[in-house]
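Below: one structure, written as structure tokens.
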Amino acid sequence: NGLIVVLHDITEQEKIDEERREFVANVSHELRTPLTTMRSYLEALADGAMDDAELAPRFLNTAQTETERMIRLVNALLQLSKLDSTDYQLSTTWVDFGRYFHRVIDRFEMTKSRNVTFKRLIPEESIGVEIDEDKITQVLDNIISNALKYSPEGGQVTFKLQVIGPNIEVSIRDEGMGIPKENVSRIFERFYRVDKARSRKLGGTGLGLAIAKEMIEAHKGQIWASSEEGKGTTVFFTLPYEPLQEDDWE
Ligand code: ADP
């Protein structure tokens, strides 16, 4: 029996080591790509493109875009490392989730540049939930920006809030191209993207949903997705909800 326990520990440790190696390799690769692009454009500028009135602004613009990509990536990595640290703590307050959800959606509705309509299925009664507002806002930002990025022109994004048993369930559904069945569960893994080139073009880091998952789990909730290719994707998450007992009312 002792032997089995030891074998089990080794396998667990090996798995962690392997994941760590893979993560470092991914990070290195993700950082090298924008750096090599920047280097070649800066080299071209130094080699004479700087004096070309048409090329110079284009090359500088590309170098800038790649710099911004790197900043986004490094910020996401810093966030992940904070989430991984053992003394990670939430700073929670009670919010009326329906009103809060409307506020987050309003911000997207006001700034959206695409022709996408929003549909809200949010109950009017107040639903008090204890959350770290900054963290859940980040989760919603990551999910909603994906829904918008992958929506077709004229598509609809549906925002839904429900109380189900001891939880609230939030879902965000789009009418985009969807995700192949065998890949749906993997989109919460670090650096996993169904289509690397497309994600890059849309400015993605491949870390948004991994960060969302850690934040939801820190709140003792769950996050998952369902998707149908060509039809659309829905991302769901739950958060614990404890309605006030009648005798809690003063
Ligand atoms: P990214 O920065 O690439 O968007 P995410 O972690 O946010 O990284 O998402 C991981 C991958 O999951 C994306 O690259 C994309 O392939 C897929 N994905 C996420 N949301 C959607 C969606 N709403 N529709 C289709 N694919 C999605």
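What you see is a predicted model, and the numbers here were worked out from it, not measured in a lab.
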Using the rule that Ile, Leu, Val, Met, Phe, Trp and Tyr join whenever any side-chain heavy atoms are under 4.5 Å apart, tell me whether [X] and [Y] fall into a single cluster.
X	Y	answer
Y241	I216	yes
I136	I122	yes
L83	L140	yes
L35	Y41	no
M38	L60	no

Residue pair [X] / [Y]: nearest heavy atoms and the distance that separates them:
X	Y	answer
K82	Y88	O-CD1, 3.4 Å
K149	R198	O-NH2, 4.5 Å
D141	S145	O-OG, 2.6 Å
I211	A76	CD1-O, 3.7 Å
D96	S126	OD2-CB, 3.2 Å
P152	V116	O-CG2, 4.1 Å

Around [X], counting heavy atoms of other residues, nucleotides and ligands shown, do more than 12 lie under 6.0 Å from its [atom1]?
X	atom1	answer
E124	CD	no
Q222	CD	no
R173	CZ	no
K160	NZ	no
K135	NZ	yes
R114	CZ	yes
E153	CD	yes

So [Y] and [X], do their side chains get closer than 4.5 Å, heavy atoms only?
X	Y	answer
T238	I164	no
T36	R39	yes
I131	H219	yes
V184	S226	no
N146	L202	no
V163	I127	yes

Given 3.5 Å as the limit, does a donor-acceptor pair link the side chain of [X] with the main chain of [Y], or not?
X	Y	result
S227	G178	no
S199	D195	no
Q162	E169	no
R193	R200	no
D132	L90	no
D174	G232	no
S85	S81	no
R69	P34	no

Pair up each side-chain donor or acceptor in residues 46-53 with any protein partner under 3.5 Å, not counting sequence neighbours, and list the distances.
residue, atom, partner, partner atom, Å
D52, OD1, E54, N, 2.9
D52, OD1, L55, N, 3.1

Nearest-0.5 Å distance that lies between atom [atom1] in [X] and atom [atom2] in [Y]:
X	Y	atom1	atom2	answer
R190	L77	CZ	CG	9.0 Å
I105	K112	CD1	NZ	12.0 Å
K231	E175	NZ	CD	11.0 Å
I168	L239	CD1	CG	4.5 Å
T117	E109	OG1	CD	9.0 Å
R72	T67	CZ	OG1	11.0 Å

(Q) Assess the residue pair V194 and R186 against the criterion (side chain to side chain contact (heavy atoms under 4.5 Å, CB included)); give the C-alpha distance rounded to whole Å, side-chain angles, the decisive distance to 0.1 Å, and a yes or no. (A) CA-CA 9 Å; V194 176; R186 300 201 59 194; over 6 Å; no
Q: Given side chain to side chain contact (heavy atoms under 4.5 Å, CB included), test L80 with L207 step by step and report yes or no.
A: CA-CA 9 Å; L80 271 179; L207 294 175; 3.7 Å; yes
Q. Given F159, which of F236, F108, F118 fulfils the ring-ring contact (aromatic ring centres under 6.0 Å, His included) condition?
A. F118
Q | Pairs where residues 181-208 contributes a residue and the test ring pair (Phe, Tyr, Trp, His ring centres under 6.0 Å) is met, not counting sequence neighbours | A | F23-F191
Q.
If the test is side-chain contact (heavy atoms from CB on, under 4.5 Å), which one of L148, T158, I144 qualifies with I172?
A. I144
Q) Among side-chain atoms of N26 and E22, is any donor-acceptor pair under 3.5 angstrom? A) no
Q: Evaluate side chain to side chain contact (heavy atoms under 4.5 Å, CB included) for R107 paired with T137, printing each intermediate quantity in order.
A: CA-CA 11 Å; R107 178 159 50 78; T137 301; 3.4 Å; yes
Q: Hey, can you tell me if F97 and Y100 have their rings parallel, tilted or perpendicular (30° and 60° cut-offs)?
A: perpendicular
(Q) Which residues pass the side-chain hydrogen bond (donor to acceptor under 3.5 Å, both in side chains) test with R32, not counting sequence neighbours? (A) none
Q: For the pair D134 and Q138, evaluate side-chain hydrogen bond (donor to acceptor under 3.5 Å, both in side chains) and give the outcome as yes or no after the intermediate values.
A: CA-CA 6 Å; D134 289 347; Q138 164 111 55; over 6 Å; no
Q: Please step through side chain to side chain contact (heavy atoms under 4.5 Å, CB included) for the pair L161 and H102, ending with a clear verdict.
A: CA-CA 10 Å; L161 169 65; H102 276 299; over 6 Å; no
**Q.** Basic-acidic side-chain contact under 4.0 Å: E18, K15
**A.** no
